[in-house]
Amino acid sequence: QVQLVESGGGLVQAGGSLRLSCAASGGIFTINSMAWYRQAPGLQREFIARIVTDGTTTYTDPVKGRFTISRDNAKNTVYLQMNSLKPEDTAVYFCNVAATVLFVGSRNYWGQGTQVTVSS
């Protein structure tokens with residue numbers, strides 16, 4: 001059973017920084033991509049950033065230049081460094097992993113979410 005454990009959320013003032021982590025474990029054969037999404041109250045979950053096996057990254061426009069996604073392949077862990085945070089970045093942040101799992105095949109997995117609150 002694949003498990004994603006997120007950490008690093010919290011309360012920060014506008015202009016501050018946070019670093020989120022998400023560690024994947026449990027029967028993983030390969031990880032194809034790792035991504036971050038967020039969901040603010042009353043809104044749909046939205047894509048933030050993705051990093052694929054060769055290190056190529058993709059970002060949504062509102063976070064370009066402020067957020068950086070990275071991964072440690074040896075640890076099956078993805079990070080999201082968030083700088084210059086704004087109140088509109090307040091949301092629950094979820095990691096998403098597209099992985100090939102032994103005896104299961106390729107699927108998408110979600111973390112439990114971690115709250116990020118940015119005060120003005």
Over all heavy atoms of both residues, which pair between A99 and I28 is shortest? Give the atoms and the distance, please.
CB-CG2, 4.3 Å
Could you walk me through whether E46 and R38 pass the side-chain contact (heavy atoms from CB on, under 4.5 Å) test, one step at a time?
CA-CA 5 Å; E46 64 173 349; R38 69 185 179 188; 2.7 Å; yes
Can you see which heavy atom on F47 is nearest to which on Y59, and at what distance?
CE2-C, 4.2 Å
Under the salt bridge (charged side-chain N to carboxylate O under 4.0 Å, His left out) test, which residues partner E88, sequence neighbours left out?
none
Salt bridge flag under 4.0 Å for residues K64 and D61
yes
Please assess R45 against N96 for the test side-chain contact (heavy atoms from CB on, under 4.5 Å), listing each intermediate value before the final yes or no.
CA-CA 12 Å; R45 191 171 299 187; N96 174 274; over 6 Å; no
Could you check whether any side-chain N or O of E6 sits under 3.5 Å from a backbone N or O of G113, counting only pairs where one atom can act as donor and the other as acceptor?
yes
Mark yes or no for whether T53, through its side chain, and N32, through its backbone, hold a donor-acceptor pair below 3.5 Å.
yes
Trace of the side-chain contact (heavy atoms from CB on, under 4.5 Å) decision for N76 with I31:
CA-CA 8 Å; N76 285 343; I31 290 180; 3.5 Å; yes
Cluster question for you: counting only ILVMFWY and a side-chain heavy-atom cut-off of under 4.5 Å, with indirect links fine, are F94 and V118 together?
no
Are the side chain of Y37 and the backbone of W110 linked by a donor-acceptor contact shorter than 3.5 Å?
no
Starting from Y109, can I reach Y79 by hopping between I/L/V/M/F/W/Y residues whose side chains sit under 4.5 Å apart?
no
To the nearest 0.5 Å, what is the distance between OG1 on T114 and CG on L80?
11.0 Å
Treating Ile, Leu, Val, Met, Phe, Trp and Tyr as nodes and any side-chain heavy-atom pair under 4.5 angstrom as an edge, say whether V101 and L4 lie in one connected cluster.
yes
Between M34 and V97, which heavy-atom pair has the shortest distance, and what is it?
CE-CG2, 3.9 Å
Do T117 and T90 have side-chain N/O donor and acceptor atoms under 3.5 Å apart?
no
Member of D72, N73, V78 meeting the side-chain contact (heavy atoms from CB on, under 4.5 Å) criterion with K75
D72
Salt bridge (charged side-chain N to carboxylate O under 4.0 Å, His left out) with R71: which residues, sequence neighbours excluded?
none
Supply the atom-to-atom distance R50 CZ to W36 CH2, rounded to the nearest 0.5 angstrom.
13.5 Å
What is the distance from atom CZ of R107 to atom OG1 of T100, rounded to the nearest 0.5 Å?
11.5 Å
Give the minimum heavy-atom separation between S120 and P87, together with the two atoms involved.
CB-CG, 3.8 Å
For the CD atom of Q1 and the OG atom of S25, what is their distance to the nearest 0.5 Å?
10.0 Å
With a 6.0 Å cut-off (strictly less than), is the heavy-atom count around CZ of F29, excluding the residue itself, greater than 12?
no
Cluster overlap I48 with V12, hydrophobic side-chain contacts below 4.5 Å:
yes
Given V116, which partner from the list V92, L20, D89 fulfils the side-chain contact (heavy atoms from CB on, under 4.5 Å) test?
L20
Looking only at heavy atoms, the pair that brings S17 and S84 closest together is OG-N, 4.4 Å
If you take all heavy atoms of I51 and S70, which pair is closest and at what distance?
CD1-CA, 4.0 Å
